[in-house]
Amino acid sequence: MRSDSGPTSATVLDRLSPPGRLIGLDAARGLALFAMMITHIISMTDPAGMPTWASEFSGKASALFAVLAGCSLVLSTRSRLDRPGAGLRDVAGSVLIRAAAITAIGLCLGTVSSLLAVILVNYGVMFAIAMLFLRLRAGALFAIALTWMGLGPVVSMLVRSEFELTPSYLPMSWFDLATPPAMLTDLVLTGYYPILQWLSYILLGMACAKLDISRHLPALIAAGGAMILVGTGASWLLLGPAGGEAILVEDAQRQGIDLGAALHTGSFGVTATTSWWWLAIAGPHSGTPFDLLFTSGTSVVTIAACQMLAGLLGRSAWVLAPVSAPGSMPLTVYSAHVVLIELTHPLIGQNPAIGSLLMRETAEYALHALGFAVLAIVWKLTVSSHGPLESGISVLIRAWAPKPEVETKPEA
């Protein structure tokens, strides 16, 4: 007879690696969170202005997070849409509730954050828009995503040039609701994560999830590798043999733009509009076709590799808990990180009494990464498989729809 006196070791491990859940996606999401923390805490350049190792994560981490968000949108609505006769009306309420909740949390974080460009408002809006594409098949979504990567930056360049729009790097907060036109412009065109370009990441993630990731891992790795090669290779050809870099050097000097930063550490969302050659770069957060293609490729390869590793581990996938546990509650961990960095940066990151800049940044990053890994594992073992914010959104959705749309693979 089975004893109910306490949880067995199998039960404990199941909490870290629930049967039926795509642990590889959780692990990839956890890697995205920890990589974003690197870009938030570790200096992108050294005292001489040269890129540091941390710059390698710039652009790639947030792109991975966005592609995974697209995966989650499909996985969280799949069971309802697979029912006979189901349509968008059957998932519209739950998707819009989730989108509204993410947007509201993002506005709250933007109100208190002075250090980071919070992405959640953009995510919430993109979730609502992406819902319109949920009925499409994987092939159509891939085609639309790739086309969007090519045309979105061109449209952005045309509109920003025509109306002389300048980038805005301020966190979006509740106060922005007082100026709707400016807020909409920042969301779509001039902010750090412009929807006009970033929606392509969501669509790409939706396409991957429609494929059934676990069954198409080699194909996804090959496709991701091809995107990486095309994104970097085409940019190199345009800037090098085609002479684009020389033109940009002159334009950057005239406009007072740091070309090195644009190529290696980040353009903060969009490029300058003074020359079409800016669209040839593949620098982080430049929002060019080649940046979108390259970071989409790194995202797809990472997702497939993580899911492949989880598949190879099988029932031992719980060993991935240090990254998969935080990745299973990304909204909670990301939000807590945004708030915590407001405290740790002045106390640790800017405190010369602790030691050198390297020591301060290492200590601050360790506090965030290790702290959230441990807290997420403890939470899953003792409280719930969902994070606090994820659970709160689930309560709201169940209040609207008594029958949950999916719980076997909850990828909120």
Side chain proximity check, T265 to T45, heavy atoms < 4.5 angstrom: yes
Atom OG in S324, atom CE in M329: separation rounded to 0.5 Å? 9.5 Å
Report the C-alpha distance between D46 and T52 in whole Å, list the side-chain angles of each, state the deciding distance to 0.1 Å, and finish with yes or no for side-chain hydrogen bond (donor to acceptor under 3.5 Å, both in side chains). CA-CA 6 Å; D46 61 20; T52 67; over 6 Å; no
Should we count CZ of R137 as having more than 12 external heavy atoms under 6.0 Å? no
Are side-chain heavy atoms of W379 and P388 found at a separation under 4.5 Å? yes
Any side-chain heavy-atom pair of L189 and P194 under 4.5 Å: no
For Y201 and T295: C-alpha separation, side-chain torsions, deciding distance, then whether side-chain hydrogen bond (donor to acceptor under 3.5 Å, both in side chains) applies. CA-CA 9 Å; Y201 290 132; T295 50; 2.5 Å; yes
How close do S385 and S328 get, counting heavy atoms only, and between which atoms? O-OG, 4.1 Å
Looking at A54 and I38, what are the two nearest heavy atoms and their distance? CB-CG2, 3.8 Å
Given 3.5 Å as the limit, does a donor-acceptor pair link the side chain of E342 with the main chain of S114, or not? yes
Would you please test S275 and I247 for side chain to side chain contact (heavy atoms under 4.5 Å, CB included) and show each step? CA-CA 9 Å; S275 171; I247 297 173; 4.2 Å; yes
Any side-chain heavy atom of F294 within less than 4.5 Å of one from M227? no
Please report the shortest heavy-atom distance between M157 and W278, naming the atom on each side. CE-CB, 4.4 Å
Quick one: CG on L389 to OG on S335, what's the gap to the nearest 0.5 Å? 5.0 Å
Expected output: side-chain T77 to main-chain L73 donor-acceptor under 3.5 Å: yes
With no hydrogens and no angle check, is any side-chain donor or acceptor of S235 less than 3.5 Å from a backbone partner on T232? no
Which residue pairs pass the side-chain hydrogen bond (donor to acceptor under 3.5 Å, both in side chains) test with at least one member in residues 365-376, sequence neighbours excluded? H337-H368, T344-H368
Tell me whether E245 at atom CD has more than 12 heavy atoms from other residues, nucleotides or ligands lying less than 6.0 Å away. no
Should L203 and M206 be marked as a side chain to side chain contact (heavy atoms under 4.5 Å, CB included) after you check the CA-CA gap, both sets of side-chain angles, and the distance that decides it? CA-CA 5 Å; L203 295 173; M206 293 171 64; 4.1 Å; yes
Closest non-hydrogen atoms of I119 and Y334, given as atom of the first, atom of the second and distance, are N-OH, 3.1 Å
So which heavy atom on V333 is nearest to which on P326, and how close? CG2-O, 3.8 Å
Angle between ring planes, W148 versus F133, binned at 30° and 60°: parallel, tilted or perpendicular? perpendicular
Could you state the interatomic distance from CG (L136) to CG (L141), rounded to the nearest 0.5 Å? 5.0 Å
Sub-6.0 Å ring centroid separation between F372 and F34: no
Y193 side-chain N/O to W198 backbone N/O, donor-acceptor pair under 3.5 Å: no
Close side-chain approach of D291 to I281, heavy-atom, < 4.5 Å: no
Tell me, do R83 and D90 make a side-chain contact under 4.5 Å, heavy atoms counted? no
Would you compute the distance between atom CE of M172 and atom OG1 of T103 and round it to the nearest 0.5 angstrom? 10.5 Å
With a 4.5 Å cut-off on side-chain heavy atoms, are L279 and V154 touching? yes
Start with the C-alpha distance between R29 and S72, add both sets of side-chain angles, then the distance that settles side-chain hydrogen bond (donor to acceptor under 3.5 Å, both in side chains), and finish with yes or no. CA-CA 10 Å; R29 204 178 287 111; S72 298; 3.1 Å; yes
Student check: side-chain heavy atoms of S214 and D212 closer than 4.5 Å: yes
Measure up the Y192 and H285 rings against each other and bin them: parallel (under 30°), tilted (30 to 60°), perpendicular (over 60°). tilted
Which heavy atom of R360 sits nearest a heavy atom of I348, and at what distance? CD-O, 3.2 Å
Hey, is the main chain of L331 close enough, under 3.5 Å, to the side chain of E390 for a donor-acceptor pair? yes
Once you round to the nearest 0.5 Å, how far does NE2 of H40 lie from CD of E361? 13.5 Å
Gap separating the OG1 atom of T273 from the CD atom of E162, nearest 0.5 angstrom: 11.0 Å
